[in-house]
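Each ligand, and each atom within it, is numbered from 1 in the order the structure gives. Bear in mind the structure is a predicted one, so any value in this text is a computation, not a measurement.
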Amino acid sequence: MLEIIRIPVLSDNYIWLVHEPESKETMVVDPAVAEPVLAEAAKRGWTITQIWNTHWHPDHTGGNAEIKAATGCRITGPEAERERIPTLDILVKQGDTARLGEVIADVIDVPAHTAGHIAFHIPSEQVAFVGDTLFAMGCGRLFEGTAEQMYDNMRKLEALPDATKIYCAHEYTKSNGEYALVAEPDNLALQQRMTEVLAMRARGEATVPTTIELERATNPFMRAASAAELGARRTAKDNF
Ligand code: ZN
Ligand code: FE
């Protein structure tokens with residue numbers, strides 16, 4: 001069983017520190033910065049052996065070089081973004097796997113937020129690291145891709161088992177939920193979830209990870225009936 005630790009950094013980023021106890025390997029997903037990650041690993045007596053990147057944005061890769069210099073870890077990330085992430089050692093794409101000790105992740109291409117964005121799905125743990133593609137009640141902005149691509153991404157992710165825990169890279173849940181209530185004013189599951197989210201945030205708690213089951217019921221981008229509807233909702237959220 002993986003141990004997964006949430007490290008909140010910057011204004012709303014989550015870095016995930018992932019420890020595989022059999023091999024004692026420790027991996028970092030999308031380190032925006034280095035220092036809090038190195039400190040958290042040191043505190044636990046863990047040695048970082050890998051970084052996995054979902055996309056090139058600096059708030060996901062900014063700590064790569066410093067963590068690599070400090071630990072000698074190897075860095076896995078999207079082949080399609082290799083020129084934008086010069087610190088990568090291992091290039092992966094849809095159909096490839098990434099390995100952390102005894103645990104194997106399937107790489108899923110999810111282009112749209114960035115052109116080469118990938119996600120990592122670990123079936124044996126029912127866990128997925130999705131970067132800035134799927135958020136609690138939201139999806140990533142379409143910086144380098146289309147609504148059609150994001151619609152396809154939602155189909156790939158909603159095909160994962162209900163119980164799959166979704167580790168996204170930002171705490172955007174409250175803002176996403178406020179827009180979701182406008183997009184789907186009659187969705188009772190959404191109303192109930194937002195009540196819980198507001199209480200959690202008022203207590204200073206994180207709302208991530210989420211699950212595929214929760215997103216199927218409450219995420220207006222996953223629930224959009226067409227690419228056009230997803231695109232219209234994305235534009236509306238951008239201007240919300
Ligand atoms: Zn991003
Ligand atoms: Fe980001």
**Report entry** Listed partners of W56 passing side chain to side chain donor-acceptor pair (under 3.5 Å), at least two apart
**Finding:** E144
Query - Proximal protein heteroatoms (N, O or S) of the Zn ion (ligand 1), under 2.8 Å - result: H55 NE2, H57 ND1, H113 NE2, D132 OD2
Query - Sub-6.0 Å ring centroid separation between H57 and H117 - result: no
Query raised in the report: How many angstroms lie between NZ in K174 and CE in M200, if you round to the nearest 0.5 Å?
Result: 14.0 Å
Requested in this report: Can you label the angle between the Y167 ring and the F129 ring as parallel, tilted or perpendicular, going by 30° and 60°?
Outcome: tilted
Query raised in the report: Is there a side-chain contact between Y14 and H170 (heavy atoms, below 4.5 Å)?
Result: no
Query raised in the report: What are the protein N/O/S atoms, named by residue and atom, that sit under 2.8 Å from the Fe ion (ligand 2)?
Result: D59 OD2, H60 NE2, D132 OD2, H170 NE2
Query raised in the report: Cationic tip of R233 within the cone over F221's six-membered ring, i.e. under 6.0 Å and within 45° of the normal?
Result: no
Report task. Decide if atom NZ of K68 counts as having more than 12 heavy atoms of other residues, nucleotides or ligands within a radius under 6.0 Å. Result -> yes
Query raised in the report: Under the side chain to side chain donor-acceptor pair (under 3.5 Å) test, which residues partner E81, sequence neighbours left out?
Result: T114
**Report entry** Intermediate values then yes/no, side-chain hydrogen bond (donor to acceptor under 3.5 Å, both in side chains), K237 and S175
**Finding:** CA-CA 9 Å; K237 173 65 167 77; S175 149; 3.1 Å; yes
